Amino acid sequence: MIYQSIKMAWKSIISNKMRSFLTMLGIIIGVVSLVVLVSIVNGATGSITDTISSLGKDMLTVTISDDKNNPLKLSEVADYMDNEDISLTAPLSQTSSTAKKDYTSDSATIYGTTNPYMSIMDLEIESGRFLLNADVQNYSYVCVVNQDTIEYLNTSLGDTIKLDGLPFTIIGILAEDDEDESSSSMFSMFSSDSDDVDMQIYIPYTTMTKLNGNSRDVTTFYATASDESSLDSAELTLTNLMMSRFNQDDDAFTINNQSEIGDTMSSVTDTLSLMLGAIAGISLVVGGIGIMNIMTVSVTERTKEIGIRKAIGANFWSIMSQFLIEAMMISLIGGLLGVFLSWAILKVASIFVTSMTFTLSANVSILAVGFCVLIGIIFGIYPAQKAGRKPPIEALRFS
């Protein structure tokens, strides 16, 4: 009986192709909205997670907001590496400067730091070397630059560039980072200026403080744990050191745990996915209302057919199942078409947007199709019951 109901439902659908397609359209739009939006959020989540992971899951960031008139010294930060829970430490000072070579100049981001910063941030050197302890101790006018700086200033290893008029010798060139390429691609989508560059220049921390007219005080530094499993121990150790250093005032400093930042971002994106999924689900509900409307019309149009079937012995359940299966099939076909269209949209998006990876989630697709079937059942019950309850004599009178 079910097989026969499916055949009759399919015959009814293809006999009114345009009406069936327009009925499915609400379901198709709802599925596309659900699948594409969730895929975009998942792609953004993956990009953000990769960026955070590239900074290291075992990293801690210490920011000092009140030094109690007793600033943290560079030597103290280096001494923290003697603790068994802490692997590396490196201060960081950041400013903007005008980088110039010959007649070419533009704004650049200048970072003042020490040698361990390279390992903490997992930087790679393409040629030359990174900053050494000797560079820091001697206040050397040397720098390590990224690829954008090399290309924009048309310079190379060993050349001299000027930062706010002061000459710095390039001793190292950083390798191109995949995250930098992704960031640049993402930025270029929203920027109409193709000449925008991101020049990053690293100089010794002491040289930076000398240029700024400050002493060798440290207000921000990074630290890594001996291993990822001891990150909490390293955070506790740093907290105790900072509390002791700043008169037990926990408002004098903050310590950010990199893994906690990743967990927070994951929580935010999960909530965003749920919210967008709920919004897209509303479109499916609207599509379901459309199915109920068309099926109700269909019941009225086929009243005579219902009367004939009842006259030859069809009962309430057989009539009801026929129309319920038809509603389910319309919803299911719409859901499958929506998944296929979502796949096509994501494929096209992947060609034009290289900063994120868009993938069609099997779980989301199955959930969407399953929800479509549920929508077909829920909104098909009323017209199916209406058809099953029609008195056969009245139905046969209908012309």
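Scope of the values below: all heavy atoms of this structure, side chains included, with no hydrogens, waters or symmetry mates. Source: prediction; values computed, not measured. In what follows, residues are counted from 1 in the order of the sequence shown.
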Query raised in the report: Angle class for the Tyr202/Tyr111 ring planes (parallel below 30°, perpendicular above 60°, tilted otherwise)?
Result: parallel
Report task. Scan residues 333-350 for pairs that pass salt bridge (charged side-chain N to carboxylate O under 4.0 Å, His left out), counting only residues two or more places apart or in two chains. Result -> none
Query raised in the report: With sequence neighbours left out, which residue pairs that include part of residues 287-297 fulfil the salt bridge (charged side-chain N to carboxylate O under 4.0 Å, His left out) condition?
Result: none
By side chain to side chain donor-acceptor pair (under 3.5 Å) - contacts of [X] (at least two apart):
{"X": "Asp85", "answer": "Thr237"}
{"X": "Gln385", "answer": "none"}
{"X": "Thr89", "answer": "none"}
{"X": "Thr155", "answer": "Asp159"}

Report task. Look at the side chain of Asp164 and the backbone N and O of Ser97, then say whether any donor-acceptor pair between them is shorter than 3.5 Å. Result -> no
The criterion is side chain to side chain contact (heavy atoms under 4.5 Å, CB included); which residues satisfy it with [X], sequence neighbours excluded?
{"X": "Ile378", "result": "Leu374"}
{"X": "Leu88", "result": "Met81, Pro116, Ser119, Ile120, Thr224"}
{"X": "Thr160", "result": "Pro167, Thr169"}
{"X": "Arg19", "result": "Asn16, Thr23, Ile294, Val297, Ser298, Glu301"}

Report task. Rounded to the nearest 0.5 Å, what's the gap from CD on Gln200 to OG1 on Thr149? Could you check? Result -> 7.5 Å
Report task. Hey, could you give me the CD1/CG distance between Ile203 and Leu166, rounded to the nearest 0.5 Å? Result -> 9.5 Å
Would you list the atom pairs, donor with acceptor, under 3.5 Å between side chains in residues 242-250 and any protein atom, with sequence neighbours excluded?
unit_1: Arg245; atom_1: NE; unit_2: Glu76; atom_2: OE1; d: 2.7
unit_1: Arg245; atom_1: NH1; unit_2: Asn70; atom_2: O; d: 2.9
unit_1: Arg245; atom_1: NH2; unit_2: Asn70; atom_2: O; d: 3.1
unit_1: Arg245; atom_1: NH2; unit_2: Pro71; atom_2: O; d: 2.7
unit_1: Arg245; atom_1: NH2; unit_2: Glu76; atom_2: OE2; d: 3.0
unit_1: Gln248; atom_1: NE2; unit_2: Met243; atom_2: O; d: 3.4
unit_1: Asp249; atom_1: OD1; unit_2: Asp251; atom_2: N; d: 3.0
unit_1: Asp249; atom_1: OD2; unit_2: Lys68; atom_2: NZ; d: 2.4

Query - Atom NZ of Lys101: over 12 foreign heavy atoms under 6.0 Å - result: yes
Query - Minimum-distance pair of heavy atoms, taken over all atoms of Gly172 and Leu157 - result: N-CD1, 3.5 Å
Requested in this report: Go through the structure and list residues passing ring-ring contact (aromatic ring centres under 6.0 Å, His included) with Phe168, not counting sequence neighbours.
Outcome: Tyr141
Query raised in the report: Which residue, Asn115, Thr114, Val77, Leu92, forms the side-chain contact (heavy atoms from CB on, under 4.5 Å) with Tyr205?
Result: Thr114
